[in-house]
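Model, not experiment: these values are computed from the prediction. Chain letters run A, B, ... following the sequence lines, proteins first, then strands; residues in each count from 1.
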Amino acid sequence: MSKKKLVLIDGNSIAYRAFFALPLLNNDKGIHTNAIYGFTTMLMKIMEEEKPTHVLVAFDAGKTTFRHETFTEYKGGRQKTPPELSEQFPFIRELLKAYGISHYELPNYEADDIIGTLSKKAEQDGFSVKVISGDKDLTQLASEHTTVMITKKGITDMEEYTPEHIREKWEIDVSQIIDMKGLMGDSSDNIPGVPGVGEKTAIKLLKQFSSIEQLLESIDEVSGKKLKEKLEENKEQAVMSKKLATIMTDAPVEITLEEVFYEGIVDEELQMLFKELGFQSLLEKFDFEGGALEELEELSFIVAHEITQEMLAHPSALYVEMLEENYMNGKIIGYGLSNQSGHYFIPTDIARESEGWQEWLRDKSKEKVVYDAKKSIVALKRQGLELNGVSFDSLLAAYIINPAQNHEDFASVGKEYGLSCVQSDEQVYGKGAKQAVPNLDALSEHVARKASMLWDLTEKLKTALKENHQDALFFDLELPLAFILGEMEYQGVKVDRTRLTSMGKELGGKLKELEEKIYELAGETFNINSPKQLGVILFEKLELPVIKKTKTGYSTSADVLEKLQSKHEIVKYILHYRQLGKLNSTYIEGLLKVIHEDSDKVHTRFNQALTQTGRLSSTDPNLQNIPIRLEEGRKIRQAFVPSKEGWVIFAADYSQIELRVLAHISGDDKLMEAFQQDEDVHTKTAMEVFSVSKDDVTSEMRRHAKAVNFGIVYGISDFGLSQSLNITRKEAGEFIERYLDTYPAVKEYMEDIVVEARDKGYVSTLLNRRRYIPELTSRNFNLRSFGERTAMNTPIQGSAADIIKQAMIDMAKRLEEENIEAKLLLQVHDELIFEAPQSEIEKLKTMVPDVMENAVELNVPLKVDFAFGPTWYDAK
DNA sequence: CGGCTCACGC
DNA sequence: GACGTACGTGAGCCGT
């Protein structure tokens, strides 16, 4: 028999936690549901992860408990439970019932005491126990057989407290937690403790005296006059506080462990409850027996056996359906079509045989609205079919309206706009290894539904774009750009396979040598690629000092290793091994894997609807992170070559585009001056910040100034800056302050934009791209700070993204107008990479900077540098 | 298969 | 004083 496992949940604590962690959600009947929702997600996660045999949720029963006899003010000063939360408790009990989970409460005792009592009992009966709560007090129950999970942030993110973890974290024994609490007190429970003693002091005292009782006996040995006095004055209070903080393990609990056996979910009840509460996402997530999900409204559609003229109406909604996400390799499995004549599913073989269909696709005058224009066009082009007349892309429109939404799945996008007649792709096709095309009936219905919903969605999106004044951003920027990106992807980049292979061989040899050297110095062989094994070697066997720890062990990151270089010879070999290993696995082997056999080209896909700032991203392969900073890595670029004989690679990049954007939007005189006079902005910043003349700027000063500029551009915090410069956080904070004093209008911009963002809920870029920042109203300091940095940074990064996108569109136009053969291949955030016949280089040398520099007009000039050569490496 | 750590670019 | 700190993609490891 498998081991018995008991999960004990502190019901009140989790409900409170969920209530305050989530915004006040309402269902359609006006009932608040946030605590119920949070409780449910927590429960789902726990049940899935722990798969317990027994479960109990304990609740507090009423206001007074035995603890009030000891201390009448216990839990005094606590705010009343908000009615918005109270009203949710009956539903939580219903939820538990539907889940087949028992709950229990005991007059005069708290949930803690029930949990404490049952956990001890269960331990004796051979259970392993998990306790779930939001209250750290419960950690006192941790033992060899009991793990206590405390919610960290939100409600599903938990920290596991085992006795070992407690020793590591607080450097005290589990048994001393109550002493710690007795000394510190707890303001939320109104436990007084000893005034002036916090966590730090409590731990220090306990390390010396081990318990409150022993401490009070040997009170003369306490160092620090003040502290001693306080302790003496509050002797009784400390002892009482400890008593209050102690969880009972022998409360008169009447429920038995047999009774809390987990029965399993009652599907119907849970489904009904979710429906009543309006938990759409959970209804889907849940694999209800029989799959009897919410019934979709009926849709009559036709599976086309031939293509008729009537079907080819316009405008039409066209959904090009593929199974694989990578449309460079995947196949089209059918088309959904929806227009005034009806809704259709068109199987690929029917489409392939129809001249009329292909002609219709090609016809510019036949308007089509699609979901993911670029994907549709490229996928068809790979089949030799042309798609023209795309007048709307609901993927891009939805992204523009709210980039934070997940746009992977069409059904979920529809749902956001109140449309729900399509199942999620995962429901229809499954996922992972189990992914497959279903039978024709299911497939055709799914795809026809998509086309139908696409039509309705388009109307809604057009309205929303207009309301937001984002029509221009969509019609003049993103949609035209999609066509250009499609061309770039289809075109691909030629890769010199032999070159890569030989670099790989060379790397392999060097890696072998390094590996042997490392094993020799370590005195044993191990997996250098495993941070865990490497940590053991460095910090246990070789006893190097531990500089940083991660959640799971020692950190072995590059910045840590750099600090250890002087301590042991092995470190530099490991750093080098890492560097070469990365090159080999990601850039040599990884790249070789995605080269198309027939053409020797790689065809990256640019995701145009993903980043929160408006930048593009690149996958399969990612060509936006090819090494450049270190020479060894930079050589990878030698493998990227023009696709034709006599052609060259031409690369043009914006110089300091983000800082120029910042100068523009802040209107800061000094910063604008730097660019108007085309000065080195980092040196200029160093001059201003350190108040020295140009000749007195040291390389150290410039490096610091550069890091601050970098930090401003990427919206990093003082902590981030301190990390990158290896200085203290305080110093980093001072740097930022001095920077802002130097550029007062920048400071003003930073302050104003946060206020504006809080008022409006979002920030905007130059071309009216939006990013909503709900974090700004968070009560959590970190989240709020993150929101503030986002508010400052997004207009800068996002506007830069707007500008280069505009430049790409202008560039494509110029290339076509002037009949230039050169082709745009890649965009890497602030640079454009072309391939071109040698004969066109002279022309490009003036045209490309001209177009890029004039994509938009700012209060400061934009500046573009360029270079060209036989490989990407040489275009520097 | 998913989470974690690490490393590359801007 | 704690909190956990730019955005992406991808590789390998490791526990499930």
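- The separation of dA7(B) from dA6(C), taken at their C1' atoms, amounts to 16 Å, rounded to a whole angstrom.
- To the nearest angstrom, P of dC6(B) lies 12 Å from CG of Leu575(A).
- The CD-P distance, from Gln827(A) to dG9(B), rounds to 17 Å in whole Å.
- The closest side-chain heavy-atom distance from Trp170(A) to Ile177(A) is below 4.5 Å.
- Between Phe735(A) and Tyr739(A), a ring centre-to-centre spacing not shorter than 6.0 Å is recorded.
- Applying the ring pair (Phe, Tyr, Trp, His ring centres under 6.0 Å) criterion to Phe866(A), with sequence neighbours excluded, gives Phe650(A).
- Listed by chain and residue number, nothing satisfies the ring pair (Phe, Tyr, Trp, His ring centres under 6.0 Å) test with Tyr587(A) (two or more places apart in sequence, or in another chain).
- A search for salt bridge (charged side-chain N to carboxylate O under 4.0 Å, His left out) contacts involving Glu734(A) returns Lys730(A), not counting sequence neighbours.
- Among residues at least two apart or in separate chains, salt bridge (charged side-chain N to carboxylate O under 4.0 Å, His left out) pairs with a member in residues 605-619 of chain A are Arg605(A)-Asp620(A), Arg615(A)-Glu658(A).
- Nucleic acid contact class of Gln612(A) (heavy atoms, under 4.0 Å, all strands): sugar-phosphate only.
- Counting any heavy atom pair closer than 4.0 Å across all strands shown, Gln533(A) reaches sugar-phosphate atoms only and no base atom.
- Residues of residues 615-632 of chain A that place a heavy atom closer than 4.0 Å to DNA chain B, in numerical order, are Arg615(A), Gln624(A), Asn625(A), Ile626(A), Pro627(A), Ile628(A), Arg629(A).
- Taking Lys572(A) as the reference, nothing meets the salt bridge (charged side-chain N to carboxylate O under 4.0 Å, His left out) condition, with sequence neighbours excluded.
- Along DNA chain C, the nucleotide nearest to Lys200(A) and the one nearest to Thr613(A) differ in position, and the one closer to the 5' end is contacted by Lys200(A).
- The side chain of Ser557(A) lies closest to dA7(B) when the candidates are dA7(B), dT5(B), dC10(B).
- Counted by atom type alone, Thr728(A) and Glu731(A) present one or more donor-acceptor pairs between their side chains at under 3.5 Å.
- Among the protein residues, Thr556(A) comes within range of the sugar-phosphate backbone only, with heavy atoms under 4.0 Å from sugar or phosphate atoms but none that close to a base.
- Just one of Glu159(A), Glu164(A), Glu160(A) meets the salt bridge (Lys or Arg N to Asp or Glu O under 4.0 Å) condition when paired with Lys169(A); it is Glu159(A).
- Under the side chain to side chain contact (heavy atoms under 4.5 Å, CB included) criterion, Glu751(A) pairs with Lys747(A), not counting sequence neighbours.
- The salt bridge (charged side-chain N to carboxylate O under 4.0 Å, His left out) analysis of residues 554-563 of chain A, with sequence neighbours excluded, yields the pairs Lys548(A)-Asp559(A).
- Put simply, CG on Asn527(A) is 13 Å from C1' on dT5(B), counting in whole angstrom units.
- We find that Lys512(A) and Glu515(A) are joined by a salt bridge, their nearest charged nitrogen and carboxylate oxygen being less than 4.0 Å apart.
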* Asked: Checking salt bridge (Lys or Arg N to Asp or Glu O under 4.0 Å) for the pair Lys207(A)/Glu171(A): CA distance, chi angles, key distance, verdict?
  -> CA-CA 8 Å; Lys207(A) 276 162 92 176; Glu171(A) 299 173 73; 3.0 Å; yes

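- Residue contacts shown for Asn793(A) are absent, as no nucleic acid heavy atom lies under 4.0 Å away.
- Atom CZ in Phe606(A) sits roughly 14 Å away from atom C1' in dC10(B) (whole-Å rounding).
- For the P atoms, the distance from dT5(C) to dC6(B) is 14 Å, rounded to whole Å.
- Here chain A contacts DNA chain C (any atom closer than 4.0 Å to a heavy atom, that is under 4.0 Å), and the contacts span dA2(C) to dG15(C) from 5' to 3'.
- Side-chain contact between Leu206(A) and Leu183(A) is present, with at least one heavy-atom pair separated by less than 4.5 Å.
- Taking atom NZ of residue Lys635(A) and atom P of nucleotide dC8(B), one finds them 16 Å apart after rounding to whole Å.
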Within the sub-3.5 Å range, which N or O atoms of nucleotides 1-3 of chain B have a protein N or O partner, and how far apart are they?
from   : atom 1 : to        : atom 2 : distance (Å)
dC1(B) : OP1    : Ala433(A) : N      : 2.9

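- For the ring pair (Phe, Tyr, Trp, His ring centres under 6.0 Å) test, no residue two or more places apart in sequence or in another chain qualifies with Tyr749(A).
- Here dC10(B) is the nucleotide among dC10(B), dA7(B), dT5(B) with the atom lying nearest to any side-chain atom of His829(A).
- Sequence order on DNA chain C of the closest nucleotides to Lys593(A) and Tyr714(A) puts Tyr714(A) first from the 5' end.
- Asn607(A) places its CG atom 17 Å from the C1' atom of dC10(B), with the value rounded to the nearest Å.
- Looking at heavy-atom distances under 4.0 Å, Phe786(A) makes contact with sugar-phosphate atoms alone, never a base.
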* Asked: Reading DNA chain C 5' to 3', how would its secondary structure be written in dot-bracket notation, given Watson-Crick and G-U pairs with both distances under 3.5 Å, brackets [ ] for crossing pairs and | for partners on other strands?
  -> ......|||||||||.

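- As a whole-Å value, the separation of Leu583(A) CG from dC6(B) P is 18 Å.
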